[in-house]
Amino acid sequence: MENDAIRTESIVKEFGEVRALNDVTIGIKRGELFFLLGGSGCGKTTLLRCIAGLEKPTSGSVFFDGEDVTDLPTHKREAAMVFQSYALWPHMTVGQNIAFGLEERKVPKREIEARVHEVLEMVKLIGYEDRAIDQMSGGQQQRVSLARALVVRPKCLLLDEPLSNLDAQLRLEMRSEIRRIVKENDLTGVYVTHDQAEALSMADRMAVMDNGHVEQIGTPQEIYRNPATSYVAAFIGETNLLKGTVVGIKGMLVTVDTDAGEFEGRVTAKNWSPKTGERAIVSVRPEAIRVEKTGGDSQGHILETTYLGDVIQYRVETVHGVVVNASQLNPRVLLRPGERGFTLDVRSEDVVVLRD
Ligand code: ATP
């Protein structure tokens, strides 16, 4: 669309025999923090590199602000890239690393000083200008590489797994830092990760990729609540997938007969209208299954109990012999392995019916 800051149109990228991208069309809005999420080898880095101009698509086009930039070199795209490996020069100071790009562009010395100061402030590293890179921690080095990207005043910030070399605590801190920097500076951000927690917590919208193509695009809530395929349902968060046959259709609700009994649920895929007798997969998140102790008849027995304080996770074998995961927030009673005498309950709005 015209008002997309970045648009990839039917991109195909082949490396010899390998088709890394297969007809990828994505529109990213101005000011949006957009995630490319998927498992190893799904093509997300290749797509980011096509957007950056570091890779030329075999076919298809890249647009920036409606302008076709497919043949434009990287430095003319108003996009700056931040890498997982920081890619800083260890023998230079923080300030020199940040100033380097501007010196190459022959920006006057005064202006360089002012702009280095400006970006050091943005990434909260004022006072570190004269430090050697090897005297900076991993988190600080990633801030320097962010500053170096920002100093050229790009419209788009392209981030390739920027936090994967940091420890867990720093990763959490830097998540909100990167989001703040993108939003405060009105940047359009494209962020590649295989970490779903990173994507769910930071993204305005995201594309879930598999095997060179986009499976689904949506906000984190849309993708989590309404996964359109069983791949997305299983990749984002945890879920129980149960195969079965469609046995009833009542308006928006579809009933599927599975080995664990009948489930009524919603169809989320836009391009699929199930018919009676068709194969289908039911997806039920563990937190959607209510385990209620009754003391009487039981719908199964507990195989495993994992107590996590705020949450208790159960592995349950149902009376049908199907094993499901159920997690309970703040339960009043704790069920032990082997225990029976409980019911399992799930609401149809929490059940998603997918194409097999
Ligand atoms: P990861 O998270 O492991 O980096 P990814 O989703 O970023 O994975 P890509 O790096 O884009 O995946 O790779 C997609 C596919 O293209 C893979 O099969 C990969 O081996 C292949 N590929 C990527 N770059 C090249 C290259 N320069 N030459 C040959 N094959 C490549």
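One-based numbering along the sequence shown. Order of listing sets the numbers, starting from 1, for every ligand and every atom in it.
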_Non-hydrogen side-chain atoms of Q142 and R171 separated by less than 4.5 Å_ =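 Q142 vs R171: side chains apart.
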*Reported CD1-to-CZ distance for the pair I217 and F35, which is rounded to 0.5 angstrom*: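 One gets 15.0 Å once the value is rounded to the nearest 0.5 Å.
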*Checking R285 against Y224: charged group under 6.0 Å from the ring centre and within 45 degrees of the axis?*
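Verdict for Y224: a cation-pi partner in R285.
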Expected list for residues 271-281: side-chain donor-acceptor pairs under 3.5 angstrom, two or more places apart:
residue : atom : partner : partner atom : Å
W272    : NE1  : E278    : OE2          : 2.9
K275    : NZ   : S273    : O            : 3.3
E278    : OE1  : K275    : N            : 2.9
R279    : NH1  : T245    : OG1          : 3.1

Side-chain donor-acceptor pairs under 3.5 Å in residues 119-131, sequence neighbours left out?
residue : atom : partner : partner atom : Å
K124    : NZ   : E177    : OE2          : 3.3
R131    : NH1  : Q135    : O            : 3.3

_Can you list everything that forms a ring-ring contact (aromatic ring centres under 6.0 Å, His included) with F15? Sequence neighbours excluded, please._
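Result, ring-ring contact (aromatic ring centres under 6.0 Å, His included) vs F15: none returned.
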*asked:* Show me, by chain and number, every protein residue that has a heavy-atom distance under 4.0 Å to ligand 1.
replied: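 Lining ligand 1: F15, V18, A20, G39, S40, G41, C42, G43, K44, T45, T46, E161.
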